[in-house]
Amino acid sequence: PQLGEEAKAGGGGAARLRLAEEAVMALARADGDASSLAVDGESGRVVRRSHAELGGATESYEWEQSGEEITVRLRGLPRSLASSLRVRSTSDSLEVRHGGGELLR
């Protein structure tokens, strides 16, 4: 349907929302940062988030992500152990081990 037809049928708010979301997406693409786009869990709208906002935290680690990279910080782990960590990743998982123990999965 045409925008005018939606407005006549009472869908003007939905059409404006869709146009606003398209503008958010176009700006992110123009900035070269489409990876900052996310769907807001409460409203269901497309929004831009900082890379820190696309991450999370637990008692033992925190993480953030961009389109190309994921950064994970393990809490309470001395930096001197960093070179002895074994990290394995796939497109949907990450595993960090030290010695025989699993630190993150």
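- At least one side-chain heavy atom of Leu74 sits less than 4.5 Å from a side-chain heavy atom of Leu85.
- Each side-chain hydrogen bond (donor to acceptor under 3.5 Å, both in side chains) pair with one or both residues in residues 73-85, not counting sequence neighbours, appears once here: Glu62-Arg75, Ser84-His98.
- Under the side-chain contact (heavy atoms from CB on, under 4.5 Å) criterion, Ser93 pairs with Thr90, not counting sequence neighbours.
- Every residue was checked against the salt bridge (charged side-chain N to carboxylate O under 4.0 Å, His left out) condition with Glu21, not counting sequence neighbours, and none meets it.
- Transitive grouping of hydrophobic side chains (ILVMFWY, heavy atoms separated by less than 4.5 Å) keeps Met25 and Leu27 in distinct clusters.
- Residues Val96 and Val72 have side chains not in contact (no heavy-atom distance under 4.5 Å, counting atoms from C-beta outward).
- Partners of Arg45 under the salt bridge (charged side-chain N to carboxylate O under 4.0 Å, His left out) rule, at least two apart in sequence or in another chain, do not exist in this structure.
- The salt bridge (charged side-chain N to carboxylate O under 4.0 Å, His left out) search around Glu102 returns Arg97, Arg105, not counting sequence neighbours.
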